[in-house]
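Before any comments, here is the structure.
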Amino acid sequence: MTESTARDYRSTLNLPKTGFAMKANLAQAEPQTLKAWKERGQFESIMAARDGAEPFVFHDGPPYANGNIHVGHMLNKVLKDLVVRSRILEGKRVHYVPGWDCHGLPIEHKVMTEIVKGGKAEKLETLAPDVRRMAIRRECAAYAEKFIKLQGEEMQRLLTLADYAHPYATMQPAYEAATLEVFAGMVEQGVVYRDLKPVHWSIANRTALAEAELEYEERQDLSVYVDFELEDREAAERAFGCEIDQTPCLMIWTTTPWTLPANLAIACHPRYRYALVEHDGALSIVAAELWPKVAATIKAEKVRMLAECDGAALVGLGYRHPFCARSGRVVAAEYVTLEDGTGLVHTAPGHGAEDYRTGLKEGLPTYCPVRDDGTYDDTVPEWLRGLSVWDANAKVTEHLRDSGHLVFDHAFTHSYPHDWRSKTPVIFRATEQWFIGVDRPVKRDGRTLRQLALDAVEHRVRFVPDWGRNRMRGMLENRPDWCISRQRSWGLPIPAFLQPDGSAFMTAASIRAVAAVFAQKGSDAWFQLSAQELLAGYDASKDADAPAGLDLTTLTKGSDIFDVWFEAGSSWHSVLRTRGIGFPSELYLEGSDQHRGWFQLSLLPALAVTGEPPFRTLLTHGFMVDKDGLKMSKSLGNALDVAALLKDYGADVARWWVSSVPYDGDIKIDLEYFRLAGESYRKVRNTIRFLLSNLEGFVPGARVPVEPASIDGWALAELATLQSTVRAAYAAYDFRAAHVAIFDFCNETLSAIYCAATKDRLYCDARDAARRRRTQQVMHDAVTVLCQLLVPILPHTADEAWSALHGGAPGSSVMATTHLDLGQVARHGAWDAAFAVRERALKALESAKASGIENPLDAGVSVGRGIDAEVPGALDALASVHADLADLCGVSRVTLGGDGGVSITDLRNEPRCDRSWRRDGTVRQRSDGGMLSDRDAAAVGVA
RNA sequence: GCGCCGGUAGCUCAGUUGGCUAGAGCACACCCCUGAUAAGGGUGAGGUCGAAGGUUCGAUUCCUUUCCGGCGCACCA
């Protein structure tokens, strides 16, 4: 029995064999899979297979149709796909429609930049407004179309499953019409109104500008320190708690003297200290901390600080406007800082964003005496009327100097916004805008949108993670009215008309009439048809809301468009209801920035129009940061390219990584993580490959019975547990838990334990031995279940394995199946004891290596009564699973009995089976001359 | 500046209502197998749980402060 005489039985073994390759080659294979899916009409056939099934309504938030997709899109789209696919496997019908946000400034700005670069801007200016807008819109539409196509392909390359043949786009006529229907509903509910709001205004182009159209340049302005005299000296005495012999003044600082005619209030910080100071005989109030700086700036010589008080004490004091016949009062504002100025802020609600908010809060009018050409109207003192605001700076300053209100003036250089096209400085000017009022009662039930939204967030919407509720509640409590109008070309027109007296005409019925036109011709119709043509379907006599004396022939079209968020925020109607998919949606899933964005701006219209929140669950994910926790950005150079990732690792590995990530909070992303994900993917792949390679020749038919006391029974019970764990994890959107459970099952339960333990029987038992068939049955079940549990994460690999499992049959897809019903799987109680033995045996084997027993098959394990001290009742329990105990420990045999605990016996002196390499006590020379164990002799068919 | 979230082994993460020697995977070290082989298996070494206070018999877990990072909001009169 030396090595030279050992016979080679290799050819008699059932060695693993499969066409399922070890190397996945995803970058090459996935595009082909994708092509095959498309040719087969995978999405359509899955929808057909789920025809009549219970729907799971899930709705895609539209990304902006601009640029290539980035890792943030990848995360978002893959997470969504995990939901789509896992619900389909549960038998649900998921009609998931991908969408794009098309309108808006980023595209218009990009297109305008091209036009300016191409030298076509001047020509554009010569066109009539509608013609010019159409020219811009055509370019924008083409741009959006291009990126919808590009991004759609990139998203499909991620192997996401959706109705890509029929996406929604906010610029589609049907979508636009549906958006107007939502708007009509809101008008009907009485929450839409028109009011003044300050915006960046280009005097040169007489148009409002968005932040992105501003260029900040250095500019020299006149900065002035101005005294506003208090109305009531006694009130000042009370505030400072001392006697004052002359009426003090509030000293403000501004770099825009031209806004002083619109001054309605002076803001102070309620918690700062303010000082009453005497300077060269005058008495002023400024922030205590700033006084030394101010005193130096205004070159005051004789200064004296008389008293101090908190800003809160000043609030409510009245003052006289230095040159307008009215008074103002002191208000509190948290935004007041001590960096510049005097700590008292000149407030003109018609000329500043923060001033405007303060004005709203304090009930001040949004007063703006400046007309669209930058000149004052007739509400200002006569000496200013008709004057340009730029000329007014000097004039106002002179006037203040003459009246003794000017404390100091000097030239001041600062960064100031300019119109990017005309390069002229812009001003803040209040203009008429459309708003959705969150504190106006909704006609249907009398509560306001804010109340409805807070109630929905509190009681009617589930948040994943839960803290999203707090966050959204906070935002809803504080949000101002929603300004929905923009003064741009690339967007959905607000279908308002102007009457000859300048008032707006727009009713629910008139909006619906325009919507019908848009449904046919798209919103371009607004620029191509006359007001009368647009309202052809409108009958004022049937419209109870029509204003008295309405004459349609005198109407002209308004020129505002919607805030793009209104369009996206209408998708619950424009897509879900219009397409009959279902309402409300079970789930909206976006980045946590959408608490303020899409979530909130979908919630408000839906509540106004239907009284229902458009979603039952809001799931948010965090943002990608680099491995040091810093934000991804092109300028930092730490951004990863999706196309490169797919080329290097493939979509399945990328998805495997996404599924492993705890998505609330920041998500660290780095190339290294993809390499690691690739390795753990390979582990799962190889495990499946091993299972498949041992199923060759196994014909699934009548189920082979699986005894709970066998290792196969144990594995089947583990499989059943895995299945329910992973399904529950998917149901709870806990993809990471699903990922970890699947990985641990493949790595530990299967690869380290079950596959290792069953190798011997798979290779050495007779091909059709009952024991081998039983193991194959469980392995077949395992591949089936794993494919189904994995397909949401690894759609390509799962289908590849599925095809291998079914004899390479092309055209079959796991996605067409529902989870295998494993039935009631009994769990035998003896396995806990068996694994306790295994753990001790492995440790003992490790130390036995020192005494020369290096191969576990050269060892036996004996388990005595001693084990009961550590694991009560173990020895008796082990008797029932004795048959598979040696395989479980990887040794040649296990003997039970005696007094010891778990110990290793050296079997190197016993004969070794030439075929199975085991020393199980039955090995002897057989009729063919080989040394074989009983089992192997029978398998080979020798006596 | 304000609101929300996170900071546990080299890395990615678990740690239920405060309580047995703080867990897992990867990576690492050593070893085995060579009939899953550009595979597989075993054993082991890694942590003052961001920092500082406090409550408690006891705190990674509760409270306060602080530092670092992210998202959102606001701001530069």
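Convention: sequence-line order gives letters A, B, ...; per-chain numbering from 1. Below, all heavy atoms of this structure are taken into account, side chains as well, without hydrogens, waters or symmetry copies.
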Review point. Do A:D664 and A:H621 touch side chain to side chain, with heavy atoms closer than 4.5 Å?
Key: no

Review point. Would a 4.5 Å heavy-atom cut-off, applied to side chains only, mark A:L671 and A:Y673 as touching?
Key: no

Any side-chain N or O of [X] less than 4.0 Å from the OP1 or OP2 oxygen of [N]?
X	N	answer
A:K759	B:rA36	yes
A:K668	B:rC11	no
A:R689	B:rU37	yes
A:S592	B:rG70	no
A:N478	B:rG72	no
A:K683	B:rG41	yes

Atom [atom1], compared across [N] and [M]: separation rounded to whole Å:
N	M	atom1	value
B:rU17	B:rC32	C1'	46 Å
B:rU48	B:rU21	C1'	16 Å
B:rU55	B:rG70	C1'	31 Å
B:rG7	B:rA52	C1'	16 Å
B:rA22	B:rG47	P	12 Å
B:rG3	B:rA74	C1'	11 Å
B:rG15	B:rA9	P	15 Å
B:rC11	B:rG46	C1'	12 Å

Which nucleotide in the set [options] lies at the smallest distance from any side-chain heavy atom of [X]?
X	options	value
A:F743	B:rA77, B:rU12, B:rG25	B:rG25
A:D593	B:rG72, B:rA77, B:rG42	B:rG72
A:F623	B:rA77, B:rC26, B:rG70	B:rG70
A:E679	B:rC31, B:rG35, B:rA27	B:rA27
A:R682	B:rG42, B:rA39, B:rC26	B:rA39
A:Y673	B:rU12, B:rA38, B:rC4	B:rU12
A:C755	B:rA36, B:rG42, B:rA77	B:rA36
A:P662	B:rG69, B:rC13, B:rG42	B:rC13
A:R10	B:rG40, B:rG35, B:rC32	B:rG35

Classify the ring geometry between [X] and [Y] as parallel (under 30°), tilted (30 to 60°) or perpendicular (over 60°).
X	Y	answer
A:Y274	A:Y272	tilted
A:H73	A:H70	tilted
A:H418	A:Y416	perpendicular

State the pairing partner of [N]; accept Watson-Crick or G-U wobble contacts with both distances under 3.5 Å, and report none otherwise.
N	result
B:rC4	B:rG70
B:rG47	none
B:rU56	none
B:rG23	B:rC13
B:rC30	B:rG42

At under 4.0 Å between heavy atoms, what does [X] touch on the DNA or RNA strands: base, sugar-phosphate, or nothing?
X	answer
A:L842	sugar-phosphate
A:N470	nothing
A:E846	base
A:N747	sugar-phosphate
A:A756	nothing
A:R685	nothing

Roughly how many Å is it from [atom1] in [X] to [atom2] in [N], rounded to a whole number?
X	N	atom1	atom2	result
A:F428	B:rC75	CZ	P	8 Å
A:D858	B:rC33	CG	C1'	12 Å
A:Y681	B:rU12	OH	P	24 Å
A:D664	B:rC13	CG	P	10 Å
A:H739	B:rA14	NE2	P	13 Å
A:Y763	B:rA39	OH	C1'	11 Å
A:R473	B:rG72	CZ	P	21 Å
A:I753	B:rA36	CD1	P	18 Å

**Study point:** Residue met sooner reading RNA chain B from 5', once A:G343 and A:R596 are mapped to nucleotides
**Key:** A:R596

Check your understanding: Taking for each residue the nucleotide of RNA chain B bearing the nearest heavy atom, is the 5' side occupied by A:K843 or by A:S693?
Key -> A:S693

Practice item. Mind telling me if B:rG46 is syn or anti? Syn here is a glycosidic angle within 90° of 0. Key: syn

Exercise for review: Go through the steps to decide whether A:H346 and A:W253 satisfy the test ring-ring contact (aromatic ring centres under 6.0 Å, His included), and finish with yes or no.
Suggested key: CA-CA 7 Å; A:H346 152 57; A:W253 173 70; over 10 Å; no

Point to revise | Sub-6.0 Å ring centroid separation between A:H780 and A:F698 | key: yes

Practice item. Applying side-chain hydrogen bond (donor to acceptor under 3.5 Å, both in side chains), run through A:N263 and A:Y319 and close with a yes or a no. Key: CA-CA 11 Å; A:N263 173 283; A:Y319 66 84; 2.4 Å; yes

Point to revise | Near-parallel close stack of A:W917 and B:rG35 base (under 5.5 Å, under 30°) | key: yes

Check your understanding: Is it true that A:R357 and A:D355 make a salt bridge, defined as a side-chain N closer than 4.0 Å to a carboxylate O?
Key -> no

Exercise for review: Before accepting this row, confirm whether a basic side-chain N of the pair A:R685/A:E800 lies closer than 4.0 Å to the acidic partner's carboxylate O.
Suggested key: yes

Practice item. Examine the base of B:rC5 for any acceptor or donor lying under 3.5 Å from a partner atom in the side chain of A:R471, and report the outcome as yes or no. Key: no

Check your understanding: Checking only heavy atoms, does the side chain of A:S751 share a donor-acceptor pair with the base of B:rA36 at less than 3.5 Å?
Key -> yes

